[in-house]
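For reference, the structure is listed below as structure tokens.
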Number of protein chains: 2
Amino acid sequence: MERGGVTVRVLGIDPGLTRCGIGVVEGIVGRPLTLVDVNVLRTSASVPIAQRLVTIERGIDAWLDEYSPDAVAVERVFARSDSSTIMGTAQASGIALVAAARRGLPVATYTPSEVKAAVSGSGRADKAQVGAMVTRILRLDAPPKPADAADALALAVTHVWRGGARARIDAAVAAGRTP
Amino acid sequence: MERGGVTVRVLGIDPGLTRCGIGVVEGIVGRPLTLVDVNVLRTSASVPIAQRLVTIERGIDAWLDEYSPDAVAVERVFARSDSSTIMGTAQASGIALVAAARRGLPVATYTPSEVKAAVSGSGRADKAQVGAMVTRILRLDAPPKPADAADALALAVTHVWRGGARARIDAAVAAGRTP
């Protein structure tokens with residue numbers, strides 16, 4: 001019998017209108033994790049917002065089709081972020097959440113601080129530190145570029161490491177039981 | 001031959017997570033407009049955000065199926081709005097934009113000031129004034145309740161009155177021509 005848990009495949013999404021990071025990580029807590037794929041969905045600012053969101057939705061749906069993840073992790077967006085782009089980021093995050101939930105996939109959201117703390121040990125790590133830790137955790141040759149790609153992988157890693165416990169708690173709460 | 005333009009049916013959406021106003025108005029510029037239907041989609045704060053957004057998406061899709069509007073008008077969301085609910089409102093607005101654009105429907109966004117100015121003549125009209133004007137414009141017996149329902153109708157009215165011209169300008173710009 002296999003020692004340890006079941007392999008879990010998580011799709012992480014760092015939502016954005018201009019650049020939406022998307023990455024898939026596979027693994028078991030306590031063993032080395034594996035990079036499955038990573039990329040950035042891009043849309044042009046010259047295209048109407050509704051059409052940009054459709055492009056992002058199609059991109060996310062294509063990844064969900066191709067990689068059939070067990071769960072999806074999306075960065076939680078805050079009103080205090082850079083206000084010039086925050087509305088587009090929030091709209092893109094809504095698209096990501098719906099794309100996953102529509103398929104019945106478990107969806108978790110993590111704050112940037114939670115992700116930084118999970119992968120680097122500090123909630124105040126900078127982008128370079130997050131990129132370096134993602135590189136080390138996934139045994140890559142170089143940090144994924146741009147930062148949105150690294151952030152998407154960091155979200156997926158965070159969920160593999162933290163999501164299992166949280167998902168069980170959420171399920172217990174939803175079922176009206178004390179976890 | 002009919003005098004005047006073609007009848008246009010517009011679906012207006014006042015996005016929100018807890019209450020999402022949705023209404024359909026039909027008419028021709030310069031003639032009395034008609035209320036087709038109005039309601040409010042509601043989701044509970046006790047449900048996970050992703051599932052609430054799926055409920056809103058299903059609700060909007062059902063209205064698009066039932067009423068086959070020619071265009072959709074959605075309120076534009078700003079970062080300076082009430083910050084405790086603004087992220088959910090932005091996410092719901094993204095869902096509304098995508099639901100329309102995915103079907104190839106023209107989508108317009110209007111600021112609250114544009115809507116108030118269109119229906120009441122003042123960009124600073126309060127909710128009661130907007131409700132009263134919607135009641136008068138659509139020849140209703142009483143203002144639609146709650147305010148989200150009246151706002152959705154006001155958006156649809158604004159688009160019937162202003163959207164035609166704007167859509168032609170947008171199309172000309174998109175085609176690289178000076179309108």
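Values reported hereafter were calculated over all heavy atoms of this structure, with side chains retained and with hydrogens, waters and symmetry mates removed. Order of the sequence lines sets the chain letters (A, B, ...), proteins ahead of strands, with each chain counted from 1.
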Output the residues of residues 128-156 of chain A for which the shortest heavy-atom distance to chain B is under 4.5 Å, in residue-number order; output 'none' if no such residue exists. none
To the nearest 0.5 angstrom, please state how far the CE atom of A:Met87 sits from the CZ atom of B:Arg76. 13.0 Å
For A:Gln91 versus B:Ser93, what's the shortest heavy-atom pair and its separation? NE2-OG, 2.8 Å
I need the contact set between residues 38-57 of chain A and chain B: heavy-atom distance under 4.5 Å, sorted by residue number. A:Ile49, A:Ala50, A:Gln51, A:Leu53, A:Val54, A:Glu57
